[in-house]
Amino acid sequence: MGKKDKDFVKEITPMEVDFPQWYTDVIRKTDLVDYSPVKGFMVIKPYGYALWENIQSFLDKRFKETGHKNCYFPLLIPESLLQKEAEHVEGFAPEVAWVTHGGKEELAERLCVRPTSETIICEMYSKWLKSYRELPYLYNQWCSVVRWEKSTRPFLRTSEFLWQEGHTLHETEEQAQEETLQMLNIYKEMAENLLAIPVVTGRKSEREKFAGAHATYTMEALMHDGKALQAGTSHNLGQHFTTAFDISFLDRNGDMQNPYHTSWGVSTRLIGGVIMVHGDNRGLVLPPALAPTQVVIIPIAQHKEGVLDKAYELKKQLQDAGLRVELDDNENYSPGWKFNEYEMKGIPIRIEIGPRDIKNNQVMAARRDILEKGPVSMDGLTENIVQLLDTIQRDMLEKARSHRDENTYYIDSFEDFKQKMADKPGFAKAMWCGERECEEHVKAETAATIRCIPFEQEDIGDKCHFCGKEAKHMVYMAKAY
RNA sequence: CUGGGUGUAGCGCAGCUUGGUAGCGCACCAGAAUGGGGUUCUGGUGGUCGGAGGUUCAAAUCCUCUCACCCAGACCA
């Protein structure tokens, strides 16, 4: 197997030099998005959208398997509805876009462009729900939301983003909690099995939780530069909204009661995560399960007798096995150009087929993740490629896990923490007193925040590593996107 | 919102100091040869210099105002 001599391409700034620039270069050169005329709003181009579609189909299937149904609620929400839950409006008001006119006439009541849909959905739920017999409500919607962000970056933070939001109602507190954790687990399964991104799961601190939630659970991933990305959240909303919106039902005892409520969502931000976890200096690296094209076939010296025929035959053979295959027979580009192009786009396997291979009853297959290439016999080729895709998927998850573990460390003091955050950002495991004041102090000094209070607690001390008071939880700390 | 920076062809840039009517590379189009790691040659298309106003015989270039975008903070999926 021959390894590449060059580990970069000229259009992409190496990530060691300037990670944010590397990110921007990658998304632009690989044709995932484009900037629109409106600041902060991105156009998702076909290649980028295909990634989202694959995330959608994975999740949509799991949502339906767990009894959820899709529906659609309106884009605009009357201001009065947004006001109903105090904590919620306080959290979202600063980033809401408002519609004030219909045509030339000023509206009697402003309408907000949804930043999330709890309020409008609860308003409708309160009209619908009558009896415990109807519960649980298990609804989800795929839509976009708008949050007027001050600074934006494609996929990671845009003023409008695509997501799904699930909104469920339950008879009991226990059922709501169970639902909240079930959905978080589905997200985790998706992150690891589809995106090949290992995640840490746990609960958010009071400061970091969703505005209006009883408790927020999160999955956090570590990016290549050592910063954390909140990759999905699931909220147990308790009765906060159902009380505020007067959603009630007659329970089994004939008493009026407010149901328990959850909401959960993941967004196109996940695509930014995939880029920053797996990408390298040659561009994107896509896990096979997610890749819109899993195998690209490049014919070599295609004008020569039989090359193209064989290439098309191969394409059909692989497609029949259920693989997503592309064949590039554009004569205007050299093979070398195509190699670079498809590597940049992160396609997991490249197959080269030329006169020499045909003579030897083989093809050349190159792995994008480790940039290795070698001959593979035509006999049993499909099985080998299917298996290779599987191996790549597994290896990518393992590689990301190793990277995360290598960049997760224990600290022994606040000084030590500051030092480590400055030298080599990553996840720091620390003991914390549980107080908001302490958390805010740490953030002001280090820009790092509590990413989560992990489900898997470790006892690494009695005292808070930041203020010295009695410790309540072990937490993951990091600088975040 | 605070601090810094940049606006000239689709992208990256030069020209501005010392005003004279716009140029280079890539991309794109046509043709030919090439084809196992960004192939070569030839010919071509495309902008009036972010916008407005001013100075001047003459403004990409000088002056004033304005808008947009980028980066770093603060705020956030």
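All chains are named by letter (A, B, ...) in the order of the sequence lines, taking the proteins before the strands, and each is independently numbered beginning at 1.
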message = Can you tell me the base-pairing partner of B:rU2? Count Watson-Crick or G-U wobble geometry only, both distances below 3.5 Å, and say none if there is no partner.
response = B:rA72

query = Would the A:Phe466 and A:His441 ring centres measure less than 6.0 Å apart?
reply = no

ask   = What's the closest nucleotide to the A:Pro335 side chain, out of B:rG37, B:rU39, B:rG35?
value = B:rG35

task = For the side chain of A:Trp337, starting at C-beta, report the closest nucleotide among B:rA77, B:rG37, B:rU39.
result = B:rU39

Per A:Met344 side chain, nearest of listed nucleotides B:rA74, B:rG36, B:rG38 = B:rG38

ask   = Nearest of B:rG35, B:rG37, B:rA72 to any side-chain atom of A:Glu331?
value = B:rG35

Euclidean distance, A:Thr446 OG1 relative to A:Lys418 NZ, rounded to 0.5 Å = 8.5 Å

inquiry  = Strictly distance-based, threshold 3.5 Å: is any side-chain N or O of A:Thr262 a donor or acceptor partner for the main-chain N or O of A:Glu179?
reply    = no

Nucleotide nearest A:Ser267 when distance is taken to its side chain, options B:rG37, B:rG36, B:rA77 = B:rA77

ask   = What's the closest nucleotide to the A:Pro355 side chain, out of B:rU39, B:rC75, B:rG36?
value = B:rG36

Salt-bridge present (A:Arg203, A:Glu208; N to O < 4.0 Å) = no

request  = Please give the nucleotide sitting opposite B:rU64 as a Watson-Crick or G-U wobble pair, both distances under 3.5 Å, or none.
outcome  = B:rA52

key: Residue matched to B:rU21 through Watson-Crick or wobble contacts both under 3.5 angstrom   = none

message = Measure OH/A:Tyr481 against P/B:rA74 and give the value in whole Å, please.
response = 14 Å

ask   = Base, sugar-phosphate alone, or nothing: which one does A:Glu95 contact when heavy atoms must sit under 4.0 Å apart?
value = sugar-phosphate

inquiry  = Given 3.5 Å as the limit, does a donor-acceptor pair link the side chain of A:Lys338 with the main chain of A:Asp328, or not?
reply    = yes

ask   = Between A:Ile298 (CD1) and B:rU39 (P), how many Å, whole number?
value = 13 Å

inquiry  = What's A:Phe210 touching, base or sugar-phosphate or nothing? Going by heavy atoms closer than 4.0 Å.
reply    = nothing

query = Quick one: which of B:rG38, B:rA72, B:rC75 gets closest to the side chain of A:Glu341?
reply = B:rG38

request  = Let me know the distance between CG of A:Asn330 and P of B:rU39, rounded to the nearest Å.
outcome  = 13 Å

For B:rG43, the Watson-Crick or wobble counterpart (both distances under 3.5 Å) = B:rC29

request  = Assign A:Thr158 to base, sugar-phosphate, or nothing according to its heavy-atom contacts below 4.0 angstrom with the strands shown.
outcome  = base

task = Rounded off to whole Å, could you give me the CG-to-P distance for the A:Leu162 and B:rA77 pair?
result = 18 Å

task = May I ask you to say what A:Pro94 touches in the nucleic acid, namely base, sugar-phosphate or nothing, with a heavy-atom cut-off under 4.0 Å?
result = nothing

message = Can you see whether A:Tyr49 engages A:Asn54 through a side-chain donor-acceptor pair at a distance of less than 3.5 angstrom?
response = no

query = Considering only B:rG35, B:rG37, B:rA74, which nucleotide approaches the side chain of A:Arg350 most closely?
reply = B:rG37

request  = Using a heavy-atom cut-off of under 4.0 Å over every strand shown, decide if A:Arg153 touches base, sugar-phosphate, or nothing.
outcome  = nothing

ask   = NZ of A:Lys338 versus P of B:rG38: gap in Å, rounded?
value = 14 Å

ask   = What distance, rounded to whole Å, do you find between the two C1' atoms, one in B:rU40 and one in B:rG35?
value = 12 Å

inquiry  = Applying a 4.0 Å non-hydrogen cut-off, can you work out what A:Gln230 is touching in the nucleic acid: base, sugar-phosphate, or nothing?
reply    = sugar-phosphate

query = What's the CZ-C1' distance between A:Arg207 and B:rA74, to the nearest Å?
reply = 11 Å

note = The Watson-Crick or G-U wobble partner of B:rG36, with both key distances under 3.5 Å, is none

A:Lys373 side-chain proximity, nearest of B:rG37, B:rG35, B:rC75 = B:rG37

task = Under 4.0 Å between any heavy atoms, over every strand shown, what does A:Lys204 touch: base, sugar-phosphate, or nothing? Just pick one.
result = nothing

request  = Find the distance A:Ile12:CD1 to B:rG38:P and express it as a whole number of Å.
outcome  = 16 Å

key: Rounded interatomic separation in angstrom, taking NZ from A:Lys150 and P from B:rC69   = 14 Å

remark   = Assert: residue with more 5' nearest nucleotide on RNA chain B, out of A:Ala444 and A:Thr24, is A:Thr24

key: Candidates B:rA74, B:rG37, B:rG36 - which lies nearest the side chain of A:Asn340   = B:rG37

key: Cation-pi check, A:Lys69 onto A:Tyr139 ring (under 6.0 Å, within 45° of axis)   = no

